[in-house]
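Inspection log for the structure reproduced underneath, given as structure tokens.
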Amino acid sequence: MGRTRTTKVNENKMLGRRFAVAPMMDWTDRHCRVFHRHLSRRALLYTEMLTTGAVIHGDRDRLLGFDALEHPVALQLGGSDPRQLAEAARIGQDFGYDEINLNVGCPSDRVKDGRFGACLMAEPQLVAACVEAMKRAVAVPVTVKCRIGIDDQDPEPALDALARAVIASGCDALIVHARKAWLNGLSPKENRDLPPLDYDRVYRLKRAMPDVPVIVNGGIGGIDEARAHLSHVDGVMLGRAAYQEPWRLLAVDADIFGEAAPHATMQDVLEAMMPYIEEQLARGTRLHAITRHFVGAFHAVPGARAFRRHLAEQGTKPGADTGVLRDAIARVATCAPAEAAA
């Protein structure tokens with residue numbers, strides 16, 4: 001099994017959905033996911049959304065390759081053509097992804113123009129056909145990530161219509177961002193914050209479909225909030241909080257799964273990352289491509305600003321290596337994030 005590509009489905013990992021890190025464009029690349037895996041053994045990780053065209057016609061090793069230690073990891077696809085989605089799903093399965101997820105929630109102009117993402121909330125039967133085609137093509141779970149509605153849709157019938165259609169087509173789980181997406185009038189950035197959150201709508205969906213795994217996403221700020229949601233739904237997906245404040249993920253295994261964290265402190269995590277970083281540097285990856293994901297690693301820890309400054313000033317230079325990262329870590333006090341925040 002290659003270091004950057006897995007050639008068959010990982011059959012030995014239990015695919016838990018109790019906690020996941022959201023797919024985030026330009027953020028959750030392979031380096032980010034390796035970092036997050038060192039923070040939690042149990043979190044389900046997701047790729048950035050990849051369009052069917054990119055998967056089918058693009059550089060697959062570059063786009064789809066991942067480190068075996070990332071498991072369990074899901075591939076998120078964007079598209080609306082059932083045949084193309086089936087082909088892209090097969091390719092993802094062949095690369096070893098543990099789940100294939102269909103994006104029915106991204107609100108950007110590009111996805112609307114391409115007829116994928118949140119605009120598909122208006123076409124539940126098309127989404128169902130896509131899911132059915134993907135299910136026929138692969139043996140791994142196929143899931144859907146959606147919003148509660150778009151624009152002037154009433155979230156009650158809109159979400160129910162989509163959910164019932166895709167579940168009837170074999171969808172294995174629904175991940176629901178508890179906001180509407182306003183495709184007319186709001187920018188993608190505004191769509192992440194301005195539409196009001198409606199977690200109760202997601203809870204009602206779960207009560208209406210008790211046998212369907214329902215995962216809530218959107219505006220969840222930390223692990224305590226995640227635990228509160230788990231009283232109502234099957235799983236929680238953390239997005240920006242996981243990326244901007246990754247130290248929070250150190251608590252996931254203990255607080256969500258009742259297991260020991262893989263590392264005691266963020267310093268330990270970054271030290272454990274060193275062999276991976278050295279391997280990537282040897283392949284021509286620039287240090288900053290990896291360390292850009294570490295910016296929020298330390299919270300309320302003396303020296304955190306000096307850590308960030310050193311990486312920003314030195315980590316972007318040609319030839320920067322792990323010595324730069326070690327020098328940055330040396331500027332941070334030795335304590336766990338929880339201790340510093342107390």
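In this chain, numbering begins with 1 at the start of the sequence shown.
Annotation: the span from Phe307 atom CZ to Phe298 atom CZ amounts to 5.0 Å, rounded to 0.5 Å. Interatomic distance, CD of Glu48 versus CG of Leu75, reported as 11.0 Å (0.5 Å rounding). Annotation: the span from Arg292 atom CZ to Asp26 atom CG amounts to 7.0 Å, rounded to 0.5 Å. Taken to the nearest 0.5 Å, the CZ atom of Arg179 stands 9.5 Å off from the CD1 atom of Ile148. The structure places CG of Asn101 at 5.0 Å from OH of Tyr46, a figure rounded to the nearest 0.5 Å.
Residue Ile167 is grouped with residue Val176 when hydrophobic side chains (ILVMFWY) are merged at heavy-atom distances under 4.5 angstrom, including chains of intermediate members.
Here Phe66 and Tyr97 bring their ring centres to under 6.0 angstrom of each other.
Using modelled atom types, one finds a donor on one side chain and an acceptor on the other under 3.5 Å when comparing Thr143 with Glu99. Checked by atom type, the side-chain pair Glu132/Ser169 shows no donor-acceptor distance below 3.5 Å. Under the 3.5 Å distance criterion, with hydrogens and angles disregarded, a donor-acceptor pair is assigned to the side chains of Tyr203 and His229. Asp200 and His232 share no donor-acceptor pair across their side chains, judged by distance under 3.5 Å alone.
Side-chain contact between Leu39 and Trp247 is absent, with no heavy-atom pair separated by less than 4.5 Å.
Ion pairing of Arg204 with Glu156 is present here, as a side-chain N (NZ or NE/NH1/NH2) and a carboxylate O approach within less than 4.0 Å. A salt bridge does not link Arg30 to Glu70: none of the charged side-chain nitrogens sits closer than 4.0 Å to a carboxylate oxygen. Using a 4.0 Å cut-off between charged side-chain N and carboxylate O, Lys135 and Asp172 make a salt bridge. A salt bridge links Arg283 with Glu279: the distance from a Lys NZ or Arg NE/NH1/NH2 to an Asp or Glu carboxylate oxygen falls below 4.0 Å.
The only member of Arg326, His38, His263 that meets side-chain contact (heavy atoms from CB on, under 4.5 Å) when paired with Glu271 is Arg326.
His31 is linked by a side chain to side chain donor-acceptor pair (under 3.5 Å) to Tyr276, counting only residues two or more places apart in sequence or in another chain.
Thr47 places a side-chain N or O within 3.5 Å of a backbone atom of Gln76 that can act as its donor or acceptor partner.
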Please report the C-alpha distance between Asp198 and Lys180 in whole Å, then the side-chain angles of each, then the deciding distance to 0.1 Å, and finally whether the salt bridge (Lys or Arg N to Asp or Glu O under 4.0 Å) criterion is met. CA-CA 9 Å; Asp198 189 354; Lys180 269 189 172 185; over 6 Å; no

